[in-house]
Structure formats: C-alpha cells, structure tokens
Chemist: 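Take this structure first; my questions come after.
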Amino acid sequence: MASAAGKQAPKIVSKSSAGGAGAAGAGGAPPIMPLASPLMGKKKKPFLGMPAPLGYVPGLGRGATGFTTRSDIGPARDANDPVDDRHAPPGKRTVGDQMKKNQDDDDEDLNDTNYDEFNGYAGSLFSSGPYEKDDEEADAIYAALDKRMDERRKERRELREKEEIEKYRMERPKIQQQFSDLKRKLAEVSEEEWLSIPEVGDARNKRQRNPRYEKLTPVPDSFFSKHLQTGENHTTVDPLQGLGGLNTPYPGSMTPGLMTPGTGELDMRKIGQARNTLMDMRLSQVSDSVSGQTVVDPKGYLTDLNSMIPTHGGDISDIKKARLLLKSVRETNPHHPPAWIASARLEEVTGKLQVARNLIMKGTEMCVKSEDVWLEAARLQPGDTAKAVVAQAVRHLPQSVRIYIRAAELETDVRAKKRVLRKALENVSKSVRLWKTAVELEEPEDARIMLSRAVECCPTSVELWLALARLETYENARRVLNKARENIPTDRHIWITAAKLEEANGNTQMVDKIIDRAITSLRANGVEINREQWIQDAEECDKAGSVATCQAVIRAVIGIGIEEEDRKHTWMEDADSCVAHGALECARAIYAHALQVFPSKKSVWLRAAYFEKNHGTRESLEALLQRAVAHCPKAEVLWLMGAKSKWLAEDVPAARSILALAFQANPNSEEIWLAAVKLESENNEYERARRLLAKARSSAPTARVSVFMKSVKLEWVLGNIEAAQELCTEALKHYEDFPKLWMMRGQIEEQCENMDKAREAYNQGLKKCPHSVALWLLLSRLEERVGQLTRARAILEKARLKNPQSPELWLESVRLEFRAGLKNISNTLMAKALQECPNSGILWAEAVFLEARPQRKTKSVDALKKCEHDPHVLLAVAKLFWSERKITKAREWFLRTVKIEPDLGDAWAFFYKFELQHGTEEQQEEVRKRCENAEPRHGELWCAESKHVLNWQKKTGEILAGVASKIKNTF
C-alpha cells in the first residue's frame with residue numbers, strides 16, 4: 001500500500017493543481033505561472049533541486065494521501081483460488097495457504113519455552129516493527145563494542161579452549177581414535193582377505209529374509225505337444241465373423257525349426273540328436289592333437305568347458321570390427337606380413353585355433369620371404385606339422401638364423417639338434433648366435449674344435465675367442481688371446497682375460513705389465529678409458545678369485561680422470577663402494593694406493609685400519625698399524641689400536657712395548673697413560689697401575705681430570721675405600737665443578753651405607769654443577785630408596801626448573817609416580833613431558849608401554865612419526881612385536897635398531913634375550929659376536945651393569961649375558 005501511495009501521489013497533485021487552475025480561470029483571475037518561470041519576480045525556493053528528506057511523502061501535509069483502486073491490484077480472489085505458480089509445493093497451492101503462511105511468519109513466538117532469564121526471548125521482540133536508520137546505527141555500535149570486547153582476550157581464550165579440547169579428547173577419545181590402529185591395518189588387507197570377510201547378518205524380517213523361491217519342475221514332452229496343438233486352434237480367425245482375409249496364421253506360430261515337416265508335433269528325438277552332436281564336437285576340440293588321447297578331466301568337465309570360453313577380455317562387437325578391419329588390410333595389401341600375423345593371433349585369442357592356422361598358412365603363401373610369418377606359423381602348428389613348416393621356411397629363406405634356431409628347438413633329440421645346427425652353419429657360417437648355440441651342445445673336446453672353426457668364421461666375436469681360450473691349454477690359450485688382440489684391438493676384456501690367465505698359471509709379475517700394455521694399446525687405438533667400467537671389471541675379477549689382476553687394474557685406472565684436489569675424497573668413496581659390493585680386495589688395493597700417495601694423512605690410515613679391523617685378519621691389521629705409526633708417530637689412536645690388537649691376542653709384553661714406543665713419540669700423552677694403566681689393571685698388575693697413575697698425576701701439573709677419575713676408580717674397585725675417598729677429595733680441590741667426581745663420591749658413600757654423607761655430597765655437587773642431570777637423578781633415587789617419596793618428587797621438580805626441556809628428568813618423574821602406584825599421575829606427567837619435549841625418543845618409548853595393550857600400537861605409530869630414526873623408539877616397536885609373538889617382525893626391528901645405533905647396549909641386550917627365547921644357537925652366537933665387535937658403551941641397563949664395581953673386569957660378552965639375564969619381558 002505504501003508503494004502504491006508513493007506511485008499515485010504525483011497524479012493526485014496534478015489533479016488538484018488542475019482543479020485549482022480551472023477555478024481561477026472561471027473567476028477571471030490571471031493564469032498561475034510555473035514557480036520556476038523567470039517571468040516571476042519572486043525569489044527561487046532554497047529546497048528546489050535538493051533530495052527529499054527521509055520519510056517524505058508528497059501531498060501528505062495537505063491531506064492528498066495515496067490510494068489504490070481495484071484496477072491497480074486486479075479482481076478480488078477467493079481463498080480457495082489456485083496461485084499463479086503451477087508447480088507450488090503442497091501447502092502453498094492456494095491463495096488462502098499463502099496468506100496463512102504470511103500471517104504465521106508475522107506472529108512472534110512468546111511461549112515460555114522460548115524465554116531465557118538472561119537473554120530474554122529467542123529472537124527480537126520488536127521484529128515486527130519498522131527497522132529505521134537509528135536502529136541500524138545502534139546495531140552497528142553494539143556490534144563494534146562486541147568485536148572490541150571479543151578481541152581483548154582472544155588469544156588467551158582460544159589457547160584455553162584448545163587445551164580444554166585436547167584434555168577432553170585425551171580423557172574421552174572418540175570411537176574413531178580408538179579404532180585408528182585397526183583402520184591403518186586396512187591398508188595391508190589384500191584383495192583375497194577382503195573378499196573372505198563374512199557378510200553381516202540380515203536385519204530384515206523373516207518373510208523378507210526367506211522369500212519363497214519359484215519351484216521349477218521338469219515337464220514331459222507330451223505337455224509341449226498337447227499345448228502346441230491347442231495353440232494351433234487359435235491361430236486363425238473364424239470366417240463366420242465376416243472379416244474375410246484374416247485367416248492367415250499369426251507370424252511365429254508355425255516356426256519351422258521346432259516341428260517336423262507335414263506334422264504339428266514337436267520332434268524331441270532330433271533335439272536329443274543335436275545335443276549329442278554338440279557334445280561330440282566339444283570333446284573332439286579338447287582332445288590331444290598329437291597322441292589322439294583325450295585330456296578331459298571327468299570331474300572337472302564343466303570347468304574345462306568354461307576354459308574354452310575366449311579370455312580376450314573384449315566385446316564381441318569389438319572382435320567383429322577388428323576381424324573386418326584386418327580382412328580389409330589383407331585384401332588391400334596381401335603382401336603385408338603384420339596383417340596376417342595379427343589376424344592369426346586374433347583368431348587364436350578368440351579360441352578359433354584352426355582358423356588361425358589356416359590364415360597364417362595362407363600368409364606364408366602370400367609372404368614367402370617374411371621370416372616373422374614363418375615363425376608364427378611354426379608356433380601355431382602342432383608337433384610334426386611345425387617341423388614341416390620350418391623345413392619349408394628353410395627352403396625359402398636359407399639365410400635366416402631365427403628359423404634355424406626354431407628348427408633346432410623343435411627337435412627333442414640332442415643329435416637331431418646338432419644335425420640341424422651343423423646344417424645351418426654350412427649355410428650361415430658368420431652367425432655368432434648359431435655358433436654359440438651349437439657349441440653349448442657339444443662336449444669340451446668337440447667344442448674346442450668347433451670354436452677353432454668359429455673364430456675363423458667370426459674373427460670379431462670376443463665371446464668366441466674367450467670361450468676358446470678357456471678350453472685350450474696354457475700355451476695355446478696365450479696364442480689364442482694374441483690372435484684375438486690382433487683381430488679385435490679395441491676390446492679390454494681380451495687383455496683382462498690374458499692377465500687372469502697369467503695369474504692362474506703363477507706368472508703374477510706379468511699381470512701388471514699386461515694391464516699397463518692394455519691401457520697403452522687401447523689409447524693408441526682411440527678407445528676412451530672409462531674408469532667406472534674398469535673398476536667394475538676389477539670387482540668381477542675379485543669375485544672370480546683373480547686378486548692380482550684385480551689389484552693391477554685398480555692401480556692402473558684409479559687415478560684416471562680425477563682432479564688432484566679430489567683424489568682423496570673420490571678414492572675413499574670408491575673404497576666404500578667396493579666394500580658395499582663385496583669386492584674387499586679392490587677396496588684393499590684402493591687403500592694401498594691412497595696410502596702411497598698420501599703417506600702422512602692420518603685419516604686415510606685410520607680408514608684403512610678400520611677396514612682391516614672389520615674385514616681383514618689380525619696380522620694384516622697389525623702390519624698396517626706398524627706402517628701407520630712409522631708415517632704418523634703423533635697419531636695416538638693408531639698406537640692405541642696396535643696395543644689393543646696385541647692385548648686382545650693376549651700378547652701383553654708386545655702391547656707394553658707398543659705403548660712404550662708410543663710414549664716416546666708422544667711424551668706426557670694422557671691417552672697413552674690411561675691405556676697403559678688399563679693394560680696393567682686388566683692383567684692384575686695393580687701396583688704397576690698405581691705407580692703409573694701416581695707418575696701421571698705428578699709429572700704433569702695440569703693433569704686432566706680423567707687421570708684423577710681413573711685413580712679413584714682403581715682404588716674403589718680394589719676395595720680401598722679410604723684411599724678412594726682421599727683421592728676424590730684431592731681431585732675435587734682441583735676440579736670442583738666436574739660433576740662425575742661428585743657422583744663417584746656420593747656413590748662411594750652410598751656403598752658404605754652413609755646415606756647422609758651421600759646426600760651431602762650430591763647437594764654440594766649440585767651447588768657447583770646445577771645443570772648436571774645425572775646428579776639430580778642420583779639424589780632423587782637416593783631419597784626414593786630411603787622412603788622419602790615426597791622429597792624425591794620435589795627434587796625432580798626443582799631439577800626440571802633448573803634444566804628445562806630435559807627428557808631424562810621428565811622420564812624419571814614419570815617412572816617415580818609409576819613405581820609409587822600412581823598411574824594416573826604418571827600418565828598426566830607423560831602428557832606434559834611430550835608437550836615440552838615432543839621429539840624425545842626415550843619419552844615416546846616409555847609412553848608406548850604406559851598405554852593399555854589395545855592402544856600401544858597406535859601410540860607406537862605416533863612415536864615413529866615424531867622420531868622416525870630414534871633407536872629407543874625402534875627398540876620399543878621391536879619389544880611391542882615381541883610381546884605380540886610376532887617373531888619375524890620383532891627380529892627385523894631389532895636388527896634395524898642395532899644397525900642405526902650400534903653403541904646402544906640396551907638394544908643388544910634385548911636382542912640377545914629375544915634370541916635366547918626364540919632363536920637358534922647360531923643366531924644367538926651371531927648377536928653376541930656382533931655386540932662384541934660394536935663394543936657398546938651406552939644404555940640405561942647396560943651402564944648399570946658395566947659400571948658396577950664388581951663387574952669392572954668383565955668383557956663385553958659377559959656384560960651382555962648379565963644384562964640379558966636381568967631383563968624380564970613384562971611388557
């Protein structure tokens with residue numbers, strides 16, 4: 001109505017204006033001129049040309065309001081009249097429905113259930129009133145205030161909400177999270193396992209579950225004949241109906257294939273005969289074409305019939321199109337061999353083998369000179385027919401090597417094969433393939449004679465020359481190889497074979513000369529010396545047992561094509577590559593050459609020494625180390641390796657002499673002092689060890705703390721507690737900020753059951769070394785041992801404040817609560833620890849076994865995502881598989897762990913314990929030997945055993961057995 005009034009207002013004004021003008025004219029007054037006319041002497045109104053104010057309705061002040069007539073809105077409509085929209089949904093199809101809907105929308109819901117004490121009614125109470133500009137401004141102000149208040153503590157509020165959500169999810173995980181490990185395992189489910197999953201139960205009612213199936217009963221032949229005769233009576237129209245011309249039978253009522261001529265009876269006898277004929281045809285198709293005996297399995301006859309169905313995987317229409325297309329190609333170009341081959345293979349795929357044979361034989365007539373067509377024909381034909389086809393092919397193509405090879409393959413007797421190949425060699429004497437195939441069938445003496453002829457016919461074949469040289473005697477082989485070099489001067493294999501021949505016959509001094517001459521000759525003939533190829537040849541010689549040839553090749557080519565500054569780096573990489581390929585003699589030759597070029601390089605000597613230690617013998621290692629210390633006398637580690645090798649061989653005097661020489665070359669070397677002390681103490685020469693330590697402490701005024709530590713440790717393990725305490729006190733005067741001295745002092749007091757003095761030592765040490773995690777752990781365990789659980793907890797909290805982000809302290813806190821039986825608190829601490837140290841392997845490994853058994857696998861997956869290559873996490877996964885009795889997987893993960901970190905003694909101990917329970921004696925011995933070679937030094941359980949004062953003289957194998965015996969697989 002308002003819009004209608006706004007639109008009609010100008011008309012109203014014009015009508016009234018017109019009425020006023022008429023009245024004035026009737027009274028004789030002059031006509032009214034327009035206001036904007038320049039003829040008027042009045043002043044122009046200021047509001048003209050300006051926009052109308054808000055809510056202004058023209059004519060409203062003088063009562064000229066707008067009105068609407070019936071002509072504006074159309075004729076009146078009843079409530080039951082349909083609306084204009086023909087596709088309106090139900091409830092909106094009449095005028096009354098839409099009016100009712102509009103009325104319902106305007107009504108406000110003032111029900112009590114829609115009222116809230118704080119917010120009032122849901123929705124606006126004044127939504128039905130007009131929404132004006134001041135309402136809009138007020139809403140904007142309130143929105144700005146809400147936004148400002150929301151931004152004040154947004155970050156803090158979002159962080160708090162996030163923590164609450166995480167805490168809630170941790171306490172109450174979703175069902176989806178509980179089954180996440182099972183969902184991950186779905187990726188490993190194979191198609192067969194998926195198809196073997198049983199179907200779920202049917203939830204429908206009994207009638208829907210068990211529908212009544214149609215029961216089919218065999219019908220006798222008389223039923224068909226009776227009803228066929230009955231049907232004949234209704235195939236024509238009665239002529240009495242007056243519709244002449246309609247007595248013709250209906251189409252299909254007299255089908256000729258089902259009735260005998262002249263009668264209306266169904267001939268069941270002929271149907272039976274046709275069935276027998278079809279069966280005979282199928283049986284003849286699956287019979288053996290060679291021997292004539294049937295190959296049909298009576299039990300699996302239906303399966304055999306199914307196998308006759310073509311497995312081409314294409315549609316029948318596609319096959320017809322392909323057949324038509326290939327037929328067009330054959331007719332257009334009948335001398336095109338691929339068309340005949342493709343046509344034959346199409347028919348073969350579709351199961352029409354005889355048609356394929358006929359097509360390919362026709363192809364041999366059209367393409368007589370195509371060996372591909374002849375070979376395809378021989379492939380499709382059976383037995384003797386194939387031989388006849390090949391014989392015909394040989395007559396047309398007497399120079400075809402492939403046809404001769406096929407003819408030899410078709411023969412079953414070895415003498416027949418030889419006869420075919422010799423006939424072929426008469427026609428094609430230049431074929432290397434024919435010669436090789438023929439030689440393979442001969443005895444060694446006949447093969448040597450044939451190869452002598454073969455190298456005359458094919459003088460450029462390296463393989464034939466080398467094969468002949470292998471079968472000849474030493475002198476004849478030398479002559480054969482010399483002839484081969486004359487005929488093929490650009491091949492390196494002949495030279496390498498000559499060098500191997502000389503080495504095999506004891507002429508090792510000739511090997512280097514032959515290889516050097518080979519390099520010179522090949523370069524003279526324009527052959528590029530490829531370094532990588534020659535190194536591969538050397539590796540092959542190494543694997544074949546030709547050590548001298550291998551070393552000669554390495555020496556000849558190792559420096560070719562390398563810049564001078566890159567030699568050391570490249571040679572070390574080459575040696576590592578040879579070791580990885582199993583060519584140890586090649587690597588030894590590379591190290592020997594590198595040591596000749598770099599005799600004073602300590603790193604090269606060390607690499608060579610470690611190579612000999614891992615892959616060589618003790619004698620080769622000691623010989624190398626003697627040369628090494630002669631060239632690098634200042635390298636302490638080389639002296640120590642030599643002394644250790646002698647000591648492991650139980651040659652203590654030789655080890656002493658090596659250390660004496662080392663001390664002459666490196667006077668006041670603390671490493672050599674300590675090695676000498678260890679040698680004497682391990683061999684029960686305690687007085688000599690004491691004198692050495694006293695001399696080391698007094699000789700160098702700036703003696704390092706390790707000398708004092710070794711002195712204290714020696715007295716401690718020998719039981720001289722007072723002397724150990726005095727030495728420890730003296731050491732602390734010089735090195736009061738060294739935490740290990742405080743640890744040793746406290747542990748000595750603990751051993752003597754002086755808990756107060758031990759606590760005092762730890763506290764004094766923590767004042768000097770507040771960042772020593774080990775000291776905090778020892779003090780905490782001391783308090784826990786004496787029953788002061790609260791004090792131990794407080795010590796660990798203080799330690800975490802002093803040393804933030806320390807996984808060891810968090811782990812000890814978690815274990816402290818777990819040992820106290822407070823599993824909930826330990827889980828909470830573990831969650832906090834993982835938040836502070838998200839990449840700590842020891843925390844994740846502990847978290848896996850804090851979980852219940854169903855959640856451990858999920859936790860281990862999360863741990864591997866965070867710490868993929870951490871040995872503690874890998875060890876935890878191995879123990880998890882062990883607990884689930886997955887022996888093979890557990891062994892794989894144990895191997896992966898000790899390979900990534902061979903210094904982790906705990907991994908070796910768990911691995912050894914695992915093999916003791918589930919492995920063989922050979923596997924147990926292998927783990928023990930590998931552990932002894934690795935000599936691990938770290939690990940919580942390992943250090944507790946190896947650093948115990950009673951085990952100070954135990955070897956690595958004994959420590960391994962001790963740690964494994966204490967492991968109880970309660971996980």
Side-chain angles (χ1 to χ4, degrees), residues 289-290 326 329-330 333-345 347-348 353-443 445-468 471 483-484 487-488:
S289 59
V290 178
L326 290 171
V329 174
R330 294 196 308 270
N333 188 2
H335 301 290
H336 186 55
W340 295 100
I341 296 172
S343 301
R345 288 185 180 175
E347 301 301 337
E348 180 191 11
L353 189 59
Q354 190 57 45
V355 177
R357 289 170 179 169
N358 296 337
L359 273 172
I360 201 65
M361 291 310 295
K362 190 174 180 182
T364 57
E365 297 174 4
M366 304 303 295
C367 308
V368 180
K369 297 299 181 180
S370 173
E371 66 177 8
D372 291 328
V373 175
W374 285 109
L375 289 172
E376 187 71 14
R379 186 183 69 83
L380 290 173
Q381 296 292 346
D384 297 331
T385 313
K387 293 180 182 179
V389 169
V390 171
Q392 191 176 357
V394 168
R395 283 195 294 271
H396 289 93
L397 297 168
Q399 300 295 320
S400 175
V401 175
R402 293 167 61 195
I403 291 177
Y404 281 118
I405 296 291
R406 180 62 182 161
E409 290 173 355
L410 287 173
E411 297 292 342
T412 55
D413 186 21
V414 177
R415 286 187 295 179
K417 288 179 181 286
K418 292 179 181 179
R419 188 167 58 250
V420 169
L421 290 171
R422 288 175 181 175
K423 182 69 175 177
L425 288 171
E426 291 178 5
N427 294 319
V428 192
S429 59
K430 300 290 186 182
S431 173
V432 177
R433 184 180 177 186
L434 281 176
W435 282 110
K436 287 171 63 178
T437 309
V439 167
E440 287 173 358
L441 298 174
E442 301 291 342
E443 295 296 326
E445 187 61 30
D446 295 335
R448 185 177 60 80
I449 297 170
M450 287 196 71
L451 283 170
S452 301
R453 174 62 181 160
V455 294
E456 294 176 4
C457 297
C458 307
T460 58
S461 174
V462 179
E463 296 177 73
L464 295 178
W465 282 108
L466 297 182
L468 178 59
L471 295 175
K483 288 182 182 178
N487 286 285
I488 314 171

Chemist: Please evaluate residues V389 and M361 with respect to the criterion side-chain contact (heavy atoms from CB on, under 4.5 Å), reporting the C-alpha separation (whole Å), side-chain torsions for both, the decisive distance (0.1 Å), and the verdict.
Modeler: CA-CA 9 Å; V389 169; M361 291 310 295; 4.0 Å; yes
Chemist: Measure the shortest side-chain to side-chain distance between I360 and R345 over non-hydrogen atoms and say whether it is less than 4.5 angstrom.
Modeler: no
Chemist: Please find the pair of heavy atoms, one from V373 and one from G363, that lie closest to each other, and give the distance.
Modeler: CG1-C, 3.8 Å
Chemist: Starting at CD1 of I341, measure out to CG of L326 and round the result to the nearest 0.5 Å.
Modeler: 11.5 Å
Chemist: OG1/T364 to CG/L359 distance, rounded to the nearest 0.5 angstrom?
Modeler: 11.0 Å
Chemist: For a quick test of reading the model, state the closest non-hydrogen atom pair linking I403 to A393 and the distance between them.
Modeler: CD1-CB, 3.9 Å
Chemist: Heavy-atom count check: over 12 atoms from other residues, nucleotides or ligands less than 6.0 Å from K362 NZ?
Modeler: no
Chemist: Do you know the tightest heavy-atom contact between A356 and L380?
Modeler: O-CD1, 4.1 Å
Chemist: Working to the nearest 0.5 Å, report the span between CD1 of I405 and NZ of K417.
Modeler: 10.0 Å
Chemist: I need the L353 CG to N358 CG distance, nearest 0.5 Å.
Modeler: 9.5 Å
Chemist: If every non-hydrogen atom of V420 is compared with every non-hydrogen atom of A408, which pair is closest and at what distance?
Modeler: CG1-N, 3.9 Å
Chemist: How long is the span from the CD atom in Q381 to the CD atom in E376, to the nearest 0.5 Å?
Modeler: 10.5 Å
Chemist: Short question: side chain of Y404, backbone of P398 - any donor-acceptor pair under 3.5 Å?
Modeler: yes
Chemist: Do the side chain of K369 and the main chain of H396 share a donor and acceptor less than 3.5 angstrom apart?
Modeler: yes
Chemist: Indicate yes or no: does E348 engage R379 in a salt bridge with an N to O separation below 4.0 Å.
Modeler: yes
Chemist: Where the side chain of N333 meets the backbone of V329, is there a donor-acceptor pair that is under 3.5 Å apart?
Modeler: no
Chemist: Under the 3.5 angstrom rule, does the side chain of W340 hit a backbone N or O of H335 as a donor-acceptor pair?
Modeler: no
Chemist: Is any NZ, NE, NH1 or NH2 atom of the basic residue among E409 and R406 found under 4.0 Å from an Asp or Glu carboxylate oxygen of the other?
Modeler: yes
Chemist: For K387 and E411: C-alpha separation, side-chain torsions, deciding distance, then whether side-chain contact (heavy atoms from CB on, under 4.5 Å) applies.
Modeler: CA-CA 8 Å; K387 293 180 182 179; E411 297 292 342; 3.9 Å; yes
Chemist: Which atom pair, heavy atoms only, marks the closest approach of S370 to L397?
Modeler: C-CD1, 4.0 Å
